[in-house]
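In this text the structure is predicted, and so the values were computed from the model without any measurement. Chain A is the first sequence line, chain B the second, and so forth, proteins listed ahead of strands; every chain is numbered from 1.
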Amino acid sequence: MPSGSSAPRVRFAPSPTGYLHVGGARTALFNWLFARHAGGVMILRIEDTDAERNKPELVEGILDGLRWLGIDWDEGPFYQSQRLELYAQAAQKCLENGSAFLCYCPAERYVGGDHAEEGQETGNVRRISRCSCRDGNPSVPGTKPAVRFKVPLGGTTRFQDAVFGEREFANEDIEDFLLMRSSRGEETHGLPSYQLGAVVDDIDMRITHVIRGADHISNTPKQALLYRALGAELPLFAHLPLILGADRTRLSKRHGATSVTSYRDEGFLPEAFRNFLALLGWSAGGDQEFLRTSELLEKFTLAGVSRTNGVFDRPKLEWFNTQYLQKLPIEDLLPAVENELKRSKLWKEEWAAPAGHEWFSKTVDLLRPRIRLLPDFSSWSRAFFSDEFEYEQAARDKFWKKEPRLPQFIAQIADAMAALPDWNHDACEHALRAIAEAAGVKAGVLINATRVAIVGQAVAPPLFETFLALGRERVVRRLRAAIPAVEESCKA
RNA sequence: GGCGCUAUGGUGCAACGGUUAGCACGCGGCCCUUUCAAGGCUGAAAUACGGGUUCGAUUCCCGUUAGCGCUACCA
């Protein structure tokens, strides 16, 4: 035991009962930021002690979510299901030193009548039931017992919380919580409870800071009692405020997407999601909100964690995404776009070669200010990556009906572009404006109509930059190809 | 019901005894303009309520109310 080492050791301990949800991701992120900020150790532990609820295959989904967020770990993943002997030994130790007892109450009975009703009636005399097993009088002898912690009848239990301060609870308010479930069948012992598994592992893994959701505050005095019974020092706890849905109730399936991978699939950038998540329940103290990962790492402290539950505000997440889409170094964005285009089958290998890469990079750079989510590169920007695109009806109605001579103007523009001695931004613009002036129409009318003709949409990057991105040959071809459709719209 | 936590605009955060209560998202307006974004400027919008403590409370204490959490042989 390297007691001289001061490097913090933290852990993220999800249970594989579902995907990695937003709340879990935030907990993982804060643990990770804390560890990396302090040069500490991040441990991943899978709490799979409930054989019925856990599904091993879900672990991979959780790891996927963590990887997408860029959260890595130094030790693990450890599986509690493979460390059962450890918990049995700890339970035995508690039994031997008198801090636990064998409970023969049928599970249903302990939970139901004994606990709730009786506790209610006796009012302020004794609010928490203590079953007779704890005094050595099994209520239903002969059945396989569970192990419960024998909470002291008086006194208080306290612990330090880096976020909420010092907390103190009266022991009489703490029930004799479960340590070991009763064994079924032939096993020598049952499975450990969450409380036992978490504490035994946190001791064994020498966890110094327990950073987890605030829903565990009420569990903490129980765990503090357990640490003491096991002869271990308490770690410093840090409880994180909960993340709520827009209706201020706990985030759940009802609120739509709650798994981090669904945000990945929607096309959010991990950097943006991470920045957004970091600010849900934490701030660096000032007004700065746009924090790259390196800044997050540098500035993260538990002192900056807030105590109030926060609402997951999707519009703000989207804002962060657009910010990152625009500000990320282009080379960092390219792989994500490539991935997206492959997904939509628009990707061409030539863009990976040096010559094609330059075009690809410049085009993505041209497109990015107007993109909100990665899939927009495939849908909204389709005409830049494929010659197969359609004219949006709304765009035709908006820009192709203003001027009856439009078909001939489009043809003139096509000819002018084809004849240009130099193919560059200003030359294109001058040529187009000259046509507008000669015809006595506003340049904007031709510009907007031309945009629809070459990309099929009313919205696109500035026209002449779009010209350069598409290339002269395609621009001319698309302009000529659009003439019949323009005529049709003009007549309508 | 019991125990606990929390309480600044609609939302996320600042202000950690003294500010005209700040920033951002969202919403409205204006500017820019070649469409749409982006960007710039700008408007509306908050200290839950009641008592204390203090020269002075958003800030400290108590109560009320509200929300949330725990109260499982779930984690």
Side-chain angles (χ1 to χ4, degrees), chain A residues 13-17 47-50 52-54 103 105-108 110-112 115-117 119-121 123-124 127-128 146-148 161 164 167 169-170 172-175 177-184 190-195 197-198 212-222 239 241-242 244 246 248-250 276 279-290 304 306-320 322-323 326 368-372 380 395 398-399 429 432 442-448 450-452 455 457-464 466:
Chain A
S15 72
T17 53
E47 307 212 325
D48 55 350
T49 57
D50 184 333
E52 289 170 19
R53 289 170 198 255
N54 295 315
C103 181
C105 299
E108 323 77 66
Y110 191 91
V111 174
H115 220 198
E117 290 176 34
Q120 213 166 305
E121 285 175 27
N124 45 27
R127 285 158 297 186
I128 297 295
V147 179
R148 285 186 182 281
D161 191 305
F164 291 89
R167 296 288 121 186
F169 290 75
E172 67 168 347
D173 290 329
I174 304 172
E175 72 271 17
F177 58 96
L178 193 78
L179 255 29
M180 282 287 218
R181 301 164 165 112
S182 54
S183 61
R184 290 186 226 95
L191 292 166
S193 69
Y194 158 71
Q195 314 286 2
R212 73 223 309 190
D215 48 342
H216 286 291
I217 290 179
S218 301
N219 286 324
T220 310
K222 299 174 189 171
H239 288 101
L242 268 18
L244 312 176
R248 289 213 148 266
T249 64
R250 211 173 178 182
F276 169 73
L279 260 29
L280 209 41
W282 175 82
S283 91
D287 287 335
Q288 188 185 2
E289 291 205 295
F290 191 84
S306 118
R307 271 144 302 180
T308 61
N309 293 168
V311 172
F312 186 92
D313 187 40
R314 181 170 169 119
K316 187 134 188 184
L317 202 213
E318 292 182 358
W319 176 78
F320 269 113
T322 60
Q323 291 297 304
Q326 289 179 63
R368 76 206 288 210
R370 268 151 273 254
I371 299 289
R372 297 193 70 79
W380 181 81
K398 187 174 181 186
F399 293 127
E429 179 162 6
L432 184 142
K442 285 201 282 188
V445 171
L446 297 191
I447 287 171
N448 292 330
T450 300
R451 178 180 296 110
V452 179
V455 298
Q457 307 173 153
V459 176
L463 187 68
F464 303 108
T466 298

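Note: A:Phe164 and A:His239 have tilted aromatic rings, judged against thresholds of 30 and 60 degrees for the angle between ring planes.
Taking atom C1' on both nucleotides, B:U47 is separated from B:U33 by 41 Å, rounded to a whole Å. If you take atom P in B:A45 and the same atom in B:G22, they sit 12 Å apart, rounded to whole Å. B:C23 and B:G51 have their P atoms separated by 32 Å, given to the nearest Å. A gap of 42 Å separates the P atoms of B:G39 and B:A66, to the nearest Å. To the nearest whole angstrom, the two C1' atoms, one in B:U20 and one in B:U58, are 15 Å apart. The same atom, P, is picked in B:U59 and in B:U6; the two are 15 Å apart, to the nearest Å. Of the C1' atoms belonging to B:C62 and B:A57, the separation is 15 Å, rounded to the nearest Å. Of the C1' atoms belonging to B:U65 and B:A48, the separation is 8 Å, rounded to the nearest Å.
No hydrogens or angles were tested; on distance alone, nothing pairs the side chain of A:Ser193 with the base of B:C73 as donor and acceptor under 3.5 Å.
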Does A:Lys398 form a side chain to side chain contact (heavy atoms under 4.5 Å, CB included) with A:Val452? I'd like the steps, not just the answer.
CA-CA 10 Å; A:Lys398 187 174 181 186; A:Val452 179; over 6 Å; no

Go through A:Phe169 and A:Thr220 one step at a time and tell me if the side chain to side chain contact (heavy atoms under 4.5 Å, CB included) criterion holds.
CA-CA 10 Å; A:Phe169 290 75; A:Thr220 310; over 6 Å; no

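For A:Phe164, whose side chain is taken as the heavy atoms from C-beta onward, the closest listed nucleotide among B:C5, B:C13, B:G4 is B:C5. The nucleotide whose nearest atom lies closest to any side-chain atom of A:Arg167 is, among B:U34, B:G12, B:G4, B:G4. Side chain of A:Asp173, nearest nucleotide from B:C13, B:C3, B:U34: B:C3. When the nucleotides B:A75, B:U6, B:G2 are ranked by their closest atom to the side chain of A:Arg181, B:A75 comes out on top. Between B:C36, B:C25, B:G4, one nucleotide has an atom nearer to the side chain of A:Lys316 than all others, and that is B:C25. The nucleotide whose nearest atom lies closest to any side-chain atom of A:Pro462 is, among B:C73, B:G12, B:U34, B:U34.
Distance OH/A:Tyr194 to OG1/A:Thr49: 10.5 Å, rounded to 0.5 Å. Interatomic distance, A:Thr466 OG1 to A:Arg451 CZ, rounded to the nearest 0.5 Å: 6.5 Å. The line from CZ of A:Arg250 to CG of A:Asn309 is 9.5 Å long, rounded to the nearest 0.5 Å. With rounding to the nearest 0.5 Å, the separation of CG in A:Leu242 from OG1 in A:Thr249 is 11.0 Å. Here the CD-CD1 distance, from A:Glu429 to A:Ile447, works out to 6.0 Å after rounding to the nearest 0.5 Å. How far CD of A:Glu289 is from CG of A:Asp287: 8.0 Å, rounded to the nearest 0.5 Å.
Between the P atom of B:U35 and the CG atom of A:Asn448 lies a distance of 6 Å, rounded to the nearest Å. Remark: C1' of B:G2 and CZ of A:Phe177 are 18 Å apart, rounded to the nearest angstrom. The NZ-C1' distance, from A:Lys222 to B:C70, rounds to 7 Å in whole Å. Computed from coordinates, the A:His239 NE2 to B:G4 P distance equals 16 Å when rounded to whole Å. To the nearest angstrom, P of B:G12 lies 13 Å from CZ of A:Phe312. When rounded to the nearest whole Å, the span between NZ of A:Lys398 and P of B:U35 equals 8 Å. B:C70 atom P lies 17 Å from atom CG of A:Leu178, rounded to whole Å. The separation between A:Leu280 atom CG and B:U6 atom P is 18 Å, rounded to whole Å.
Pair assignment for B:A21 gives none, since no Watson-Crick or G-U wobble pairing has each distance under 3.5 Å. Within the shown strands, nothing qualifies as a pairing partner of B:A14 under the Watson-Crick or G-U definition with both distances less than 3.5 Å. Using N1 to N3 plus N6-O4 or O6-N4 for Watson-Crick, or N1-O2 and O6-N3 for G-U wobble, each under 3.5 Å, B:C60 pairs with B:G52. Both distances falling under 3.5 Å, in either a Watson-Crick or a G-U wobble arrangement, place B:G39 opposite B:C31. Pair assignment for B:A7 gives B:U65, based on Watson-Crick or G-U wobble hydrogen-bonding distances that are each under 3.5 Å.
Across all strands shown, A:Leu463 has heavy atoms under 4.0 Å from base atoms, whether or not it also approaches the sugar-phosphate. Nucleic acid contact class of A:Phe464 (heavy atoms, under 4.0 Å, all strands): base. Residue A:Gly285 is classed as a sugar-phosphate contact, given heavy-atom separations below 4.0 Å to backbone atoms only. At the heavy-atom level, A:Arg307 lies under 4.0 Å from the strands shown only through sugar-phosphate atoms. Among the heavy atoms of the strands, none lies under 4.0 Å from A:Pro14. Within the 4.0 angstrom heavy-atom criterion, only backbone atoms of the sugar-phosphate kind lie near A:Gly281; the bases stay farther away. Residue contacts for A:Gln195: at a heavy-atom cut-off of 4.0 Å it reaches a base atom on one of the strands shown.
Taking for each of A:Asp313 and A:Gly444 the nucleotide of RNA chain B with the nearest heavy atom, the 5'-most of the two is the partner of A:Asp313.
For B:A75, the OP1/OP2 oxygens have a side-chain nitrogen or oxygen of A:Thr49 closer than 4.0 Å.
The backbone N or O of A:Phe290 lies less than 3.5 Å from a partner atom in the side chain of A:Gln288, making a donor-acceptor pair.
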Nucleotides 18-23 of chain B: which of its N/O atoms have a protein N/O under 3.5 Å away?
residue, atom, partner, partner atom, Å
B:G22, N2, A:Asp287, OD1, 3.2
B:C23, O4', A:Asp287, OD2, 3.2

What nitrogen or oxygen pairs link the protein and nucleotides 39-43 of chain B at under 3.5 Å?
residue, atom, partner, partner atom, Å
B:G39, OP1, A:Gln323, NE2, 3.4

Is there any protein nitrogen or oxygen under 3.5 Å from a nitrogen or oxygen in nucleotides 66-69 of chain B, and what are the pairs?
residue, atom, partner, partner atom, Å
B:C68, O2', A:Asn309, OD1, 3.3
B:G69, O2', A:Asp215, O, 3.4
B:G69, N2, A:Ser218, OG, 3.4

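The side-chain heavy atoms of A:Pro241 and A:Thr308, taken from C-beta on, include no pair separated by under 4.5 Å. Looking at A:Leu317 and A:Phe312, their side chains come closer than 4.5 Å, going by heavy atoms from C-beta outward.
Considering all non-hydrogen atoms of both residues, A:Gly197 and A:Pro192 come closest at N-CB, 4.4 Å. In this structure, A:Val311 and A:Ala246 approach most closely via the heavy-atom pair CG1-CA, 3.7 Å.
Contact check on A:Glu175 versus A:Arg148 returns no salt bridge, with no Lys/Arg side-chain nitrogen under 4.0 Å from an Asp/Glu carboxylate oxygen.
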